[in-house]
Asker: 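Dumping the structure here so I can ask a few things about it.
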Amino acid sequence: MSKLTRRTVLRGMVGGAAVNVALPLLNCMLNTNGTALADGKPMPVRFGTWGWGLGMNSSVFVPKKYGADFDLPEEISALEPIKKHINLITNTQAFRDNYQNLCHYTGWVIARTGSAPKDTKDIPGETIDVTIANQIGGGTRFKSLTATATGDVRNTYSYENSNTPNSPEWSPLQFYTRLFGPDFPDPNAKTFNPDPRIMVRRSVLSGVMDQTKSLMQTVPADDRARLDQYFTGLRHLEQQFQQRLEKPEPIEACVRPGEITVDPAMGQEAEAIAIRHKMMTELLVMALACDQTRVFNMAYTNANSSTIKPGYEKPHHTTTHEEPVDMHIGYQPTASWFTRRAMESWAYFVDAFTKVKEGNGTLLDNVFIMATTDHGYARVHSLDHIPVFTAGRCGGAVRTGLHIDGKGTTGCRVGYTALKLMGVDKPSWGVNSNNTSQEVGEILVSRMS
């Protein structure tokens with residue numbers, strides 16, 4: 001072999017089936033900086049979301065300084081270790097247009113779909129992670145992965161449509177088994193045996209797909225639209241089956257984590273949620289490192305947060321309604337205690353991506369994460385002054401370490417920025433007042449002056 005590329009393989013037979021065995025990601029397959037493949041193609045980028053409930057207290061959350069080297073007020077002081085890896089956009093708005101403000105719902109739905117919901121059963125379209133997964137998620141074992149630290153399978157921020165939530169992984173034990181159990185295709189294993197069950201499913205699905213063109217010609221236009229959406233899902237599934245029939249390329253950063261044999265406590269105490277969040281984070285990060293998915297979601301809490309503080313009689317949500325403002329400090333101290341716990345977990349989540357080496361950088365260098373909440377000031381259920389975080393450099397396309405004034409514009413600008421970064425070709429995103437064709441240019445390397 002005179003020329004080696006990332007796609008160079010050794011061909012042979014295993015168990016009577018033809019397999020391709022990829023070579024490791026050698027230095028000669030990368031550019032001289034170790035930041036891209038030798039043929040100029042970038043390292044794979046990933047997209048993720050992180051969600052927390054009940055906003056913040058602006059007097060102790062929003063930095064006084066904009067741009068780089070911004071200050072960290074006490075409610076976000078836990079972000080010091082990750083400050084250089086994140087951006088904080090404050091003073092954004094979720095426009096409800098002609099609909100009512102649905103508490104703990106309208107804000108996050110707008111942030112993730114671009115449209116205001118008409119009621120609490122309405123998700124006005126697929127969430128942004130689904131749109132991006134349809135763009136970049138077809139070639140991995142899982143098109144996307146969704147997890148929650150709440151221990152409640154109902155707590156998800158990811159929807160295919162109003163009637164189809166993407167149920168999250170809520171049990172660390174079950175999540176481990178799904179990712180790294182018997183079906184885990186270890187990219188660093190010496191041998192590879194294609195799963196005969198996948199072979200059968202791939203064969204059956206291919207037979208079905210051969211019939212799509214003729215079927216599309218026999219139905220009216222409205223049904224063609226439905227079938228097209230259905231067949232698009234089947235094509236993604238076919239791609240995933242094909243991926244699982246090929247020997248994964250060796251990945252140095254991929255290390256099968258220690259086996260989880262029992263779930264932690266499933267209560268709503270803040271410490272229990274933090275423990276589950278850490279376990280789910282470690283599993284999710286390693287799933288990305290092993291290229292099992294390129295799109296992911298993590299819910300620290302649901303929007304209507306039920307987190308409990310030991311020795312305090314009310315959960316987080318009730319506290320925001322009923323705790324009086326301490327006039328000496330100017331905010332609700334216990335409500336702020338809950339927000340600080342959320343920020344500690346956000347810091348842990350981002351930092352976990354920096355622990356995995358990838359090329360000459362880390363996994364976080366090739367990730368773009370968007371973190372959203374439901375309100376600005378939860379005590380009055382406001383839809384203004386909503387904070388949004390981003391994390392990661394998206395393959396070098398994003399600057400970090402900035403505090404940016406959203407100037408009262410729609411928070412959907414962050415979502416639109418994410419879509420553009422992930423190659424989703426849309427001239428704009430969002431509906432009515434939330435529609436935008438304006439990226440958050442301050443964080444884009446291409447927009448640097």
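Only a predicted model underlies this, so the values are computations on that prediction, with no experimental measurement involved.
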Asker: May I ask you to decide if Val350's main-chain N or O and Thr354's side chain share a donor-acceptor pair within less than 3.5 Å?
Answerer: no
Asker: Sequence neighbours left out, what passes disulfide (SG to SG under 2.5 Å) with Cys394? Give chain and number order.
Answerer: none
Asker: Starting at OH of Tyr300, measure out to CZ of Arg276 and round the result to the nearest 0.5 Å.
Answerer: 10.0 Å
Asker: Taking the six-membered ring for Trp, are His104 and His381 parallel (under 30°), tilted (30 to 60°) or perpendicular (over 60°)?
Answerer: perpendicular
Asker: Just jot down the salt bridge (Lys or Arg N to Asp or Glu O under 4.0 Å) partners of Asp71, sequence neighbours excluded, or say none.
Answerer: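 With neighbours one apart ignored, the set is empty.
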Asker: Taking all non-hydrogen atoms of both residues into account, name the closest pair between Glu282 and Ala352 and its distance.
Answerer: OE2-CB, 4.3 Å
Asker: Donor-acceptor pair, Lys357 side chain versus Gly359 backbone, under 3.5 Å?
Answerer: yes
Asker: About how many Å separate CD of Glu74 and OG1 of Thr339, when rounded to the nearest 0.5 Å?
Answerer: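 The OG1 atom of Thr339 sits 11.5 Å away from the CD atom of Glu74.
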Asker: Would you say Asp119's side chain and Asp122's backbone share a donor-acceptor pair under 3.5 angstrom?
Answerer: yes
Asker: Could you go through the side chain to side chain contact (heavy atoms under 4.5 Å, CB included) check for Ser345 and His277 one step at a time?
Answerer: CA-CA 7 Å; Ser345 285; His277 178 268; 3.7 Å; yes
Asker: Which one of Ile128, Asp129, Val130 satisfies the side chain to side chain contact (heavy atoms under 4.5 Å, CB included) criterion with Ile132?
Answerer: Ile128
Asker: Taking NZ, NE, NH1 and NH2 as the nitrogens, is one of them in Arg341 or Glu344 under 4.0 Å from a carboxylate oxygen of the other?
Answerer: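 So Arg341 pairs with Glu344 through a salt bridge.
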Asker: Is there a donor-acceptor contact under 3.5 Å linking the side chains of Ser171 and Asp263?
Answerer: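 Present: a donor and an acceptor within the cut-off.
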Asker: Could you tell me whether the side chain of Phe180 reaches within less than 4.5 Å of the side chain of Glu259, counting heavy atoms only?
Answerer: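 No. Closest side-chain heavy atoms not under 4.5 Å.
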Asker: Any side-chain to backbone donor/acceptor pair from Thr373 onto Trp52? Under 3.5 Å, distance only.
Answerer: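 Yes, Thr373 side chain to Trp52 backbone: donor-acceptor pair under 3.5 Å.
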Asker: With salt bridge (Lys or Arg N to Asp or Glu O under 4.0 Å) as the test, would you mind laying out the steps for Arg154 and Asp152 before giving the verdict?
Answerer: CA-CA 5 Å; Arg154 297 169 297 178; Asp152 190 334; 2.7 Å; yes
Asker: Any side-chain heavy atom of His403 within less than 4.5 Å of one from Val62?
Answerer: yes
Asker: Can you tell if the side chain of Phe389 reaches within under 4.5 Å of the side chain of Leu79, non-hydrogen atoms only?
Answerer: yes
Asker: If you define the side chain from C-beta out and look only at heavy atoms, does anything of Gln268 sit under 4.5 Å from Pro315?
Answerer: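 No, side chains not in contact.
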Asker: Establish, for the pair Lys83 and Phe70, whether the NZ or CZ atom is under 6.0 angstrom from the six-membered ring centre and no further than 45 degrees off its axis.
Answerer: yes
Asker: Which of parallel (below 30°), tilted (30 to 60°) and perpendicular (above 60°) describes Phe368 and Phe47?
Answerer: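 Rings of Phe368 and Phe47: parallel, under 30°.
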Asker: Which residue, Leu88, Ile369, Ile89, Leu402, forms the side chain to side chain contact (heavy atoms under 4.5 Å, CB included) with Thr390?
Answerer: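 With Thr390 as partner, side chain to side chain contact (heavy atoms under 4.5 Å, CB included) holds for just one option, Ile89.
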Asker: Show the nearest heavy-atom pair for residues Thr281 and Met298, with the distance to one decimal.
Answerer: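 Heavy atoms of Thr281 and Met298 come nearest at N-CE, 3.7 Å.
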Asker: Output the distance between atom CG (Leu383) and atom SG (Cys103), rounded to the nearest 0.5 Å.
Answerer: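 The distance works out to 8.5 Å.
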Asker: Any side-chain heavy atom of Thr362 within less than 4.5 Å of one from Val356?
Answerer: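 Contact flag for Thr362/Val356 side chains = no.
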Asker: Once you round to the nearest 0.5 Å, how far does CG of Leu419 lie from CE of Met370?
Answerer: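 So the gap between those two atoms works out to 8.5 Å.
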Asker: Surrounding NZ of Lys355 (heavy atoms of other residues, nucleotides or ligands, distance under 6.0 Å), is the total greater than 12?
Answerer: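 Not more than 12 within 6.0 Å, no.
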Asker: Start with the C-alpha distance between Thr320 and His375, add both sets of side-chain angles, then the distance that settles side chain to side chain contact (heavy atoms under 4.5 Å, CB included), and finish with yes or no.
Answerer: CA-CA 11 Å; Thr320 62; His375 289 295; over 6 Å; no
Asker: Testing Asn304, Asn302, Thr307 one by one against His317 for a side chain to side chain donor-acceptor pair (under 3.5 Å), which residue passes?
Answerer: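 With His317 as partner, Asn304, Asn302, Thr307 yield a single side chain to side chain donor-acceptor pair (under 3.5 Å), made by Asn304.
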Asker: Any donor and acceptor pair, going by atom type alone, linking the side chain of Thr156 with main-chain N or O of Asn166 inside 3.5 Å?
Answerer: yes
Asker: Does OH belonging to Tyr99 count more than 12 external heavy atoms closer than 6.0 Å?
Answerer: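 Counting other residues, nucleotides and ligands, OH of Tyr99 stays at 12 neighbours or fewer.
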Asker: What I'd like to find out is whether the side chain of Ile386 reaches to under 4.5 Å of the side chain of Met56, using heavy atoms alone.
Answerer: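 Not in contact.
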Asker: Specify whether Trp108 and Tyr105 have parallel, tilted or perpendicular ring planes, treating 30° as the upper limit for parallel and 60° as the lower limit for perpendicular.
Answerer: perpendicular
Asker: For the residue pair Val440 and Thr417, what are the closest heavy atoms and their distance?
Answerer: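 Looking at all heavy atoms of both residues, the closest pair is N-OG1, 2.8 Å.
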Asker: Between atom CD of Gln93 and atom CG of Asn434, what is the distance when rounded to the nearest 0.5 Å?
Answerer: 8.5 Å
Asker: Of all the heavy-atom pairs spanning Trp346 and Ala391, show the shortest one and how long it is.
Answerer: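 In terms of heavy atoms, the two residues are closest at CH2-CB, 3.9 Å.
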Asker: To the nearest 0.5 Å, what is the distance between CG (Leu179) and CG (Leu288)?
Answerer: 9.5 Å
Asker: Using atom types as modelled and distance alone, determine if a side-chain donor or acceptor of Thr113 lies under 3.5 Å from a backbone N or O of Gly125.
Answerer: no
Asker: Walk me through whether Ile110 and Phe95 qualify under side chain to side chain contact (heavy atoms under 4.5 Å, CB included).
Answerer: CA-CA 8 Å; Ile110 290 174; Phe95 296 103; 5.6 Å; no
Asker: Answer with yes or no whether the side chains of Thr148 and Thr150 bring together a donor and an acceptor at under 3.5 Å.
Answerer: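 A donor-acceptor contact under 3.5 Å links the two side chains.
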Asker: Is the shortest side-chain heavy-atom distance between Pro124 and Val109 below 4.5 Å?
Answerer: yes
Asker: Would you confirm whether Glu169, through its side chain, and Leu145, through its main-chain N or O, come within 3.5 Å as a donor-acceptor pair?
Answerer: no
Asker: So which atom in Leu54 and which in Ser305 form the shortest heavy-atom distance, rounded to 0.1 Å?
Answerer: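 Of all heavy-atom pairs spanning Leu54 and Ser305, the closest is CD1-CB, 3.7 Å.
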Asker: Relative to Tyr157, does Arg112 satisfy both conditions: NZ or CZ under 6.0 angstrom from the six-membered ring centre, and within 45 degrees of the ring's axis?
Answerer: yes
Asker: For Phe353, is the NZ or CZ atom of Arg46 found under 6.0 angstrom from the centre of its six-membered ring and inside 45 degrees of the ring axis?
Answerer: no
Asker: Please check this pair: side chain of Asn87 against backbone of Ile404, looking for a donor-acceptor N/O pair closer than 3.5 Å.
Answerer: no
Asker: Can you tell me if Arg96 uses its side chain to pair, donor with acceptor, with the backbone of Leu102 under 3.5 Å?
Answerer: no
Asker: Is the side chain of Arg294 donor-acceptor paired with the backbone N or O of Gly138 at a distance under 3.5 Å, no angle test?
Answerer: no
Asker: Testing the basics here: between Arg413 and Glu442, what is the closest heavy-atom pair and its distance to 0.1 Å?
Answerer: NH2-OE1, 4.2 Å
Asker: Report the C-alpha distance between His316 and Lys309 in whole Å, list the side-chain angles of each, state the deciding distance to 0.1 Å, and finish with yes or no for side chain to side chain contact (heavy atoms under 4.5 Å, CB included).
Answerer: CA-CA 8 Å; His316 186 187; Lys309 178 183 179 181; over 6 Å; no
Asker: Does the side chain of Cys412 reach to within under 4.5 Å of the side chain of Trp429, using non-hydrogen atoms?
Answerer: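 Result yes, sub-4.5 Å side-chain heavy-atom pair found.
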Asker: Would one find more than 12 heavy atoms of other residues, nucleotides or ligands at under 6.0 Å from atom NZ of Lys420?
Answerer: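 Enclosed: over 12 neighbouring heavy atoms sit under 6.0 Å from NZ of Lys420.
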